[in-house]
Asks: 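Take this structure, written in structure tokens, and hold onto it; I'll ask about it next.
We use all heavy atoms of the structure for the numbers below, so side chains are in, but hydrogens, waters and symmetry mates are not. A quick note: this is a predicted structure, and the numbers were derived from the prediction, not measured.
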Amino acid sequence: LTVEAFARVVRRVPDARLRIVGALTSVGHLAEIHEAIHRHDLSANVEILVDQPRAAVLEALAEARVFALHSQEESQGIAICEALAMHGAELIVSDIEASACEDLAGRLRDAGRRARGVAADLSRHEPVDALVAAAGALDVLVCNAGIQGPAGPLGALADADIDRVLEVNLKSALRLT
């Protein structure tokens, strides 16, 4: 039964209830379920119960300071941020574009969550150092940023293009940990 199918049931039987029980495959999957519940205004009709180990993790998130890297064009990173915030985590979100950071942090704050945005170009060492200093002590680090780089045979790629991909996708994660 999908949340959308249950929404059709609720239109016919307004006091219907749905309990989702079991381990969810990922925080991103949980975010999708919560988004669908809110999109269909089903908060009063749906209860989500997860396995005890996952519940303990979610409870711990309520007190956690989380730094999450995301891309403005990448919905998985945004879903991760939203799911973590939904469970009470204080978020510091980052993207290369300052407006993308602040847009997401603003949406989270508007929803009553604790969030702030800090822009950084992860391909350069100095902005990563500044980002670490701005974030302060953290409990969780979500390294979800990454770039693809140009397509083509590896031998045909410019060294600068390869270096940029390695800086963002590998070295930034190493510098942040």
Asks: Enter the distance from Arg113:CZ to His87:NE2 here, rounded to the nearest 0.5 Å.
Replies: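 Result: 9.0 Å between the selected atoms.
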Asks: CG of Asp41: more than 12 outside heavy atoms within 6.0 angstrom?
Replies: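 No, not enclosed.
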Asks: Can you tell me how far NZ of Lys171 sits from CZ of Arg124, rounded to the nearest 0.5 angstrom?
Replies: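 It is 14.0 Å, given to the nearest 0.5 Å.
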Asks: For the CZ atom of Arg164 and the CG atom of Asp121, what is their distance to the nearest 0.5 Å?
Replies: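 So the CZ of Arg164 and the CG of Asp121 are separated by 5.5 Å.
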Asks: Kindly give the heavy-atom pair with the smallest separation between Ala119 and Ala98, and that separation in Å.
Replies: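 That closest heavy-atom pairing would be CB-CA, 3.6 Å.
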Asks: Identify whether Ile78 and Leu108 are in the same connected component of the hydrophobic contact network (ILVMFWY, side-chain heavy atoms under 4.5 Å).
Replies: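 Both belong to a single hydrophobic cluster.
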Asks: Supply the atom-to-atom distance Asp95 CG to Cys81 SG, rounded to the nearest 0.5 angstrom.
Replies: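 Between Asp95 CG and Cys81 SG, I get 10.0 Å after rounding to 0.5 Å.
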Asks: When rounded to the nearest 0.5 angstrom, what is the spacing between CD1 in Ile80 and CG in Leu91?
Replies: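 The CG atom of Leu91 is 11.0 Å from CD1 of Ile80, to the nearest 0.5 Å.
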Asks: Can you tell if the side chain of Val165 reaches within under 4.5 Å of the side chain of Gln148, non-hydrogen atoms only?
Replies: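 Side-chain contact under 4.5 Å: no.
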Asks: Go through Glu167 and Ile147 one step at a time and tell me if the side chain to side chain contact (heavy atoms under 4.5 Å, CB included) criterion holds.
Replies: CA-CA 10 Å; Glu167 287 290 333; Ile147 61 172; over 6 Å; no
Asks: In Å and rounded to the nearest 0.5 Å, what is the CZ to OG distance from Arg116 to Ser94?
Replies: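 Between atom CZ of Arg116 and atom OG of Ser94 there are 10.5 Å.
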Asks: Pro150 versus Leu157: any side-chain heavy-atom pair under 4.5 Å?
Replies: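 They are in side-chain contact.
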Asks: Any idea which heavy atoms bring Ala105 and Gly117 closest together, and the distance?
Replies: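 Heavy atoms of Ala105 and Gly117 come nearest at CB-N, 3.5 Å.
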